[in-house]
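Counting begins at 1 with the first residue of the sequence.
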Amino acid sequence: MTTAFGQSTVLGYPRIGVDRELKKAVEAYWAGTIDVDALESTAAGLRAQVWRTLHDARLDAIPSNTFSYYDQVLDTAVAVGAIPTRFARLGLPALDTYFAMARGVDTEPALELTKWFDTNYHYLVPEIAPDTVFTANPAKALGEHAEARDLGITTRPVFIGPATFLLLAKGDDPFARLDDLVDTYAAILTALAEAGVAWIQLDEPAYVADRTPAEIDALRRAYIRLGELTHRPRIFVATYFGDLGAALPALLDTPVEAIGLDLVAGPGNLDRLAAAGPLAGRTIVAGLVDGRNIWRTDLRAAIAAGATVAGLADHVAVATSCSLLHVPVDLSAETRLDPRLAARLAFARQKVDEVVLLGRALRDGTTVLPAPLPPTPAAWHHDSVRGRLAALRPADRQRGDYPVRAARQQDRLRLPQLPTTTIGSFPQTTELRKARAAHRAGRLDDAGYASRMRAEVEHVIRLQERWGLDVLVHGEPERNDMVQYFGEQLDGFAATEHGWVQSYGSRCVRPPIIYGDVARRAPMTVEWSTYAQSLTSKPVKGMLTGPVTILAWSFVRTDQPVADTADQVALALRDECRDLESAGIRVIQVDEPALRETLPLRKADQKAYLDWAVGAFRLATSGVADDTQIHTHLCYSEFGEVITAIDALDADVTSIEASRSKMEILDDLAAIGYRRGVGPGVWDIHSPRVPPREEMVEALQRAVAAVPARRLWVNPDCGLKTRSYPEVEASLRHLVAAAAEVRGH
């Protein structure tokens, strides 16, 4: 890259590989089946593949340091030396210390895990203590820049910016250490400049949320300090996921050379840019191509927006709205999609082509654009579904009074105080995955597949009975994913073969595509739940994924209001709940882990979202009788921000992640007068660590101090599909024993 920014760029690119090569290598390293050299060789190959892809697409400016073995926020923590003492003193090699922070070890729990703004990506929350000594460690960024240079490709290293890093970290006063941290970034910038780096990208997405004047002033001060360095790369501050608001003039007051604005999720950025006054000497990087959804860009509308920016700034570059981390790698790998649908899609590789095309069009105005898409096919519409939506009444979203429901449910279920349960899934073993793959490939017929799944269900039921759990689950062996499973059984959804997206660490999902009206063809879960219930006298939960989460973890159509799509999904789930109830299932769990995830970042936009999100959940769950117990589950987000909405869901029992956050959510629930059942998680299932019984007892004692025992449930933080059976057995035995001990007090 020369001193000019270039005409086209992306803010990041998927790092997992087309076939999830990184996931497989990292998990093999954790399992001890490959060594560090083999892991690093796979990683280097993936990095080179990405850089060559972007270079061959003729992208002008290419990012680096976007590769991560686990999480980009953790990478930045390592780069600035924010390694908690409890991990540093383990004396492990650098990579193993890194993974210990991400996953925990026997003696130390992992860093807290939560959602990356309003996405389904999870980041590790940095811990900054008073004794944290920031130390510049640019080795990873320098190494990647050198690797790319050896390929003949010049790159722009990317870091989380200092202000966002502090806002994401745990601590009472995020900016108490601002000066120390900015000095550390200054040292990193100096080292990069000495290595010949021309540009650096510093991501500041925290500023598209509501920020106080003091927080905005901290942003200004940080970039004035960095901008005044005499020997540094040029600075590109990237913002994304919304409207930058009052932070835009603050950034324009600094010496940074380029500012990135998301014009997809934050169209108001155009008006703010126009109001900002002259932008002499500044590059505006216009995020015109959606980095979070898979629909083709309306190129004509994008060019019009880009032309508006070009009329305001000395230089405009076209970019994705955010990193392409949030979309699958390459549409060309999909050979089974309906051609009418495939023609409307663009994955990461295709979005790069859109960026390049738009950049050229803005530069010379002569690029020929593809023809607009034809209207949506009529076959994608369901008149019956639209009729049901039009006929909905407020009563369709209401159940009876909770005290009446609770009494009837206890009469029916006869549960002990502090009932124990799990969240739903049990380990997805290699044998189960092979059976599903053989069934998909036709090597295992329907009867053989059903027999294999039933054997696993019985195995899971017998284990839970042996361990002494009170409310059982069937273990979900038939489910590939908690959203994809339902998408494959509903009209209006399409599934991909290779559309993998990273959720956290080595965890990848294949979000389905909602392209048309949603309708249920037949019962989806009743057969498995009723079979499990036939094996035991204890209650077995029916397990469903809620409408908000199904939307959040899918790629959703944009041609109708999202609230309408949510209600279409909710009607399908409502029918499923009724069928489960009719089949004798007494407890139904409708998971909504994404409720907080999709909360708009600006408070002014949040009420409208929560109204339709809560309404969709209640539509799904309000068709059952009072003596059917409705559970929901939420995990890995800052739930204090939606605590009143959690209450408004009106679920009889809410299980919620609480182990890494040390039961903090219970104070929020108490503050709003929450009066229904709650199950704060006492076991962090995203770590291989088996918590001792004493630790669970301590957690439950904290819970009982905040919530009356008659309303308290005992459960893990989340489902168990990623864990091994030895871990599950040990941890659940401890969980049941801990509940018995606290019950006895």
Non-neighbouring partners of F117 that pass ring-ring contact (aromatic ring centres under 6.0 Å, His included), sequence neighbours left out: F241
Salt bridge (charged side-chain N to carboxylate O under 4.0 Å, His left out): pairs with one or both residues in residues 276-303, sequence neighbours excluded: D118-R292
Which residues share a ring-ring contact (aromatic ring centres under 6.0 Å, His included) with W612, sequence neighbours left out: Y609
Non-hydrogen atoms of L362 and G306 that approach each other most closely: CD2-C, 3.7 Å
Minimal non-hydrogen separation, I16 against C508, with atom names: CD1-SG, 4.0 Å
Test log, rule side chain to side chain contact (heavy atoms under 4.5 Å, CB included), inputs V73 and L124: CA-CA 6 Å; V73 181; L124 287 154; 5.8 Å; no
Pairs touching residues 249-267 that satisfy salt bridge (charged side-chain N to carboxylate O under 4.0 Å, His left out), sequence neighbours left out: R220-D253, R232-E257
Parallel, tilted or perpendicular: rings of Y240 and W116 (30°, 60°): tilted
Results of side-chain hydrogen bond (donor to acceptor under 3.5 Å, both in side chains) for N120 - residues two or more places apart only: W553
P162 to V182 - nearest heavy-atom pair and separation: CB-CG2, 4.4 Å
Distance under 6.0 Å and angle within 45° of ring axis: R510 vs W500: yes
Side chain to side chain contact (heavy atoms under 4.5 Å, CB included) between I200 and R234, worked out: CA-CA 6 Å; I200 183 174; R234 294 191 172 195; over 6 Å; no
Pair listing, side-chain hydrogen bond (donor to acceptor under 3.5 Å, both in side chains) test, anchored in residues 331-343, at least two apart: D330-S332, T335-E497, R336-E497, D338-R340
Minimum side-chain heavy-atom gap V316-T283 below 4.5 Å: no
pair W51-S64: side-chain heavy atoms closer than 4.5 Å: yes
side-chain hydrogen bond (donor to acceptor under 3.5 Å, both in side chains) contacts in which one or both residues fall within residues 264-275, not counting sequence neighbours: D243-R272
For F493, ring-ring contact (aromatic ring centres under 6.0 Å, His included) partners two or more places apart: none
Heavy-atom neighbours of R386 CZ exceed 12 at 6.0 Å: yes
CA sep, side-chain torsions, deciding dist, call: T154, R149, side chain to side chain contact (heavy atoms under 4.5 Å, CB included): CA-CA 6 Å; T154 302; R149 185 179 58 212; 5.9 Å; no
Side chain to side chain contact (heavy atoms under 4.5 Å, CB included) between L288 and S321, intermediate numbers included: CA-CA 6 Å; L288 298 174; S321 64; over 6 Å; no
I294 CD1 to Y515 OH distance, which is reported to the nearest 0.5 Å: 12.5 Å
Residues which pass side-chain hydrogen bond (donor to acceptor under 3.5 Å, both in side chains) with S68, listed by chain and number, not counting sequence neighbours: D75, Y98
With Y504 via ring-ring contact (aromatic ring centres under 6.0 Å, His included) - residues at least two apart: H122, H686
Enclosure of D383 CG (heavy-atom neighbours >12, cutoff 6.0 Å): no
Non-neighbouring partners of E147 that pass side-chain hydrogen bond (donor to acceptor under 3.5 Å, both in side chains), sequence neighbours left out: R47
Residue list, side-chain hydrogen bond (donor to acceptor under 3.5 Å, both in side chains) with D481, at least two apart or on another chain: none
